[in-house]
Colleague: 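Below is one structure. I have some questions about it.
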Amino acid sequence: MLVLRHQLLVLQRRVGKPTFTDIDRAILAGLLHHLPKDRLRHLLLLVRPETILHWRRELLRRRHAATCVPRRRGRPRTLRPIRAMVLRLARENASWGYRRIHGELAALGIKVAASTVWEILREHGIPPAPERQNTTWADFLRSQAKALLACL
């Protein structure tokens, strides 16, 4: 042991400050963390015992950070079929606003907030119901075709 310590002292004088890779730090921290702090002080090491303990804490923090992946925050996204249903109802029923669409979805058993319906319409560039309700004569005649034919 004395010969190894002396050789280490000679190498420390010859070579400047050693550089450690992450693997070197992990190995040293893993091997030496079981020893008490006062025992570490009596060992002839290339770094201070506090540095070894710091490396150990960093190693544990990184391992913990890798296993604890942060979850998404906030409200979960609305499912695609629900979004498609909202858009279909808005396109097929120009006079319906977001509250009416919300009510129809609730009647179908689909739980979604009225504000979510409003957000979906806004994201897809669908204006509020009063602005969509511009009915042309062609639209009117198309929607009332059966009634007009029945009158003839």
Side-chain angles (χ1 to χ4, degrees), residues 11-12 15-152:
L11 285 174
Q12 282 179 332
V15 179
K17 184 177 178 182
T19 57
F20 292 95
T21 64
D22 288 339
I23 295 171
D24 295 331
R25 291 184 185 113
I27 291 171
L28 284 174
L31 293 174
L32 297 173
H33 86 278
H34 293 293
L35 296 176
K37 209 177 206 182
D38 59 331
R39 184 90 167 140
L40 277 174
R41 292 188 194 288
H42 294 295
L43 294 176
L44 185 59
L45 299 170
L46 294 175
V47 293
R48 296 180 308 176
E50 291 80 20
T51 305
I52 297 288
L53 295 174
H54 172 73
W55 289 348
R56 174 69 181 170
R57 285 190 303 270
E58 252 333 275
L59 183 68
L60 291 176
R61 185 188 63 77
R62 284 185 188 169
R63 184 170 20 155
H64 179 71
T67 59
C68 296
V69 178
R71 296 182 180 154
R72 289 186 68 173
R73 292 186 175 178
R75 182 182 290 177
R77 292 188 55 82
T78 309
L79 298 175
R80 283 185 185 171
I82 294 174
R83 296 173 81 80
M85 178 73 75
V86 168
L87 294 172
R88 181 177 173 192
L89 287 172
R91 287 189 185 114
E92 290 178 1
N93 304 291
S95 63
W96 290 6
Y98 72 95
R99 289 192 185 273
R100 173 72 187 267
I101 295 172
H102 170 254
E104 293 296 324
L105 291 173
L108 293 172
I110 299 172
K111 292 184 179 181
V112 66
S115 60
T116 304
V117 173
W118 182 82
E119 279 290 328
I120 293 169
L121 296 176
R122 189 179 61 81
E123 284 174 8
H124 289 274
I126 298 175
E131 295 175 22
R132 283 186 284 141
Q133 200 174 2
N134 298 337
T135 308
T136 62
W137 276 107
D139 293 335
F140 174 75
L141 293 174
R142 195 174 303 116
S143 66
Q144 301 299 324
K146 287 182 184 176
L148 289 173
L149 287 174
C151 292
L152 293 176

Colleague: Could you tell me whether the side chain of Ile120 reaches within less than 4.5 Å of the side chain of Ile126, counting heavy atoms only?
Modeller: no
Colleague: As an exercise, state the distance from CG of Leu121 to OH of Tyr98, rounded to the nearest 0.5 Å.
Modeller: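 Taking CG in Leu121 and OH in Tyr98, the distance rounds to 10.5 Å.
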Colleague: Please report the shortest heavy-atom distance between His102 and Val112, naming the atom on each side.
Modeller: CD2-O, 2.8 Å
Colleague: To the nearest 0.5 Å, what is the distance between CG on Leu59 and NE2 on His54?
Modeller: 11.5 Å
Colleague: Rounded to the nearest 0.5 Å, what separation is found between the CZ atom of Arg56 and the CZ atom of Arg61?
Modeller: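 One finds 14.0 Å between CZ of Arg56 and CZ of Arg61.
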Colleague: Mind checking whether Trp118 and Arg99 have side chains closer than 4.5 Å, heavy atoms only?
Modeller: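 No, too far: nothing below the 4.5 Å cut-off.
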Colleague: Would you mind reporting whether Leu60 and Arg63 have side-chain heavy atoms less than 4.5 Å apart?
Modeller: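 A side-chain contact under 4.5 Å exists here.
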Colleague: Distance check, rounded to the nearest 0.5 Å: Thr116 atom OG1 versus Lys111 atom NZ?
Modeller: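 Thr116 OG1 to Lys111 NZ: 14.0 Å, rounded to 0.5 Å.
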Colleague: Nearest 0.5 angstrom please: Lys146 NZ to Cys151 SG, how far?
Modeller: 14.5 Å
Colleague: Could you list the donor-acceptor pairs under 3.5 angstrom formed by side chains in residues 23-31, with sequence neighbours left out?
Modeller:
| from | atom 1 | to | atom 2 | distance (Å) |
| --- | --- | --- | --- | --- |
| Asp24 | OD2 | Thr21 | N | 3.2 |
| Asp24 | OD2 | Thr21 | OG1 | 3.1 |
| Arg25 | NH1 | Asp22 | OD1 | 3.0 |
| Arg25 | NH2 | Phe20 | O | 3.3 |

Colleague: Determine whether Glu104 and Leu108 make a side-chain contact, defined as any pair of heavy atoms from C-beta on separated by less than 4.5 Å.
Modeller: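 A side-chain contact under 4.5 Å is absent here.
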Colleague: For residues 79-90, tabulate all N or O donor-acceptor pairs below 3.5 Å that involve a side-chain atom, not counting sequence neighbours.
Modeller:
| from | atom 1 | to | atom 2 | distance (Å) |
| --- | --- | --- | --- | --- |
| Arg83 | NH2 | Glu123 | OE1 | 2.4 |
| Arg88 | NE | Glu92 | OE2 | 2.9 |

Colleague: Applying side-chain hydrogen bond (donor to acceptor under 3.5 Å, both in side chains), name anything that partners Arg122, two or more places apart in sequence or on another chain.
Modeller: Glu119
Colleague: For the CD atom of Glu50 and the CZ atom of Arg57, what is their distance to the nearest 0.5 Å?
Modeller: 9.0 Å
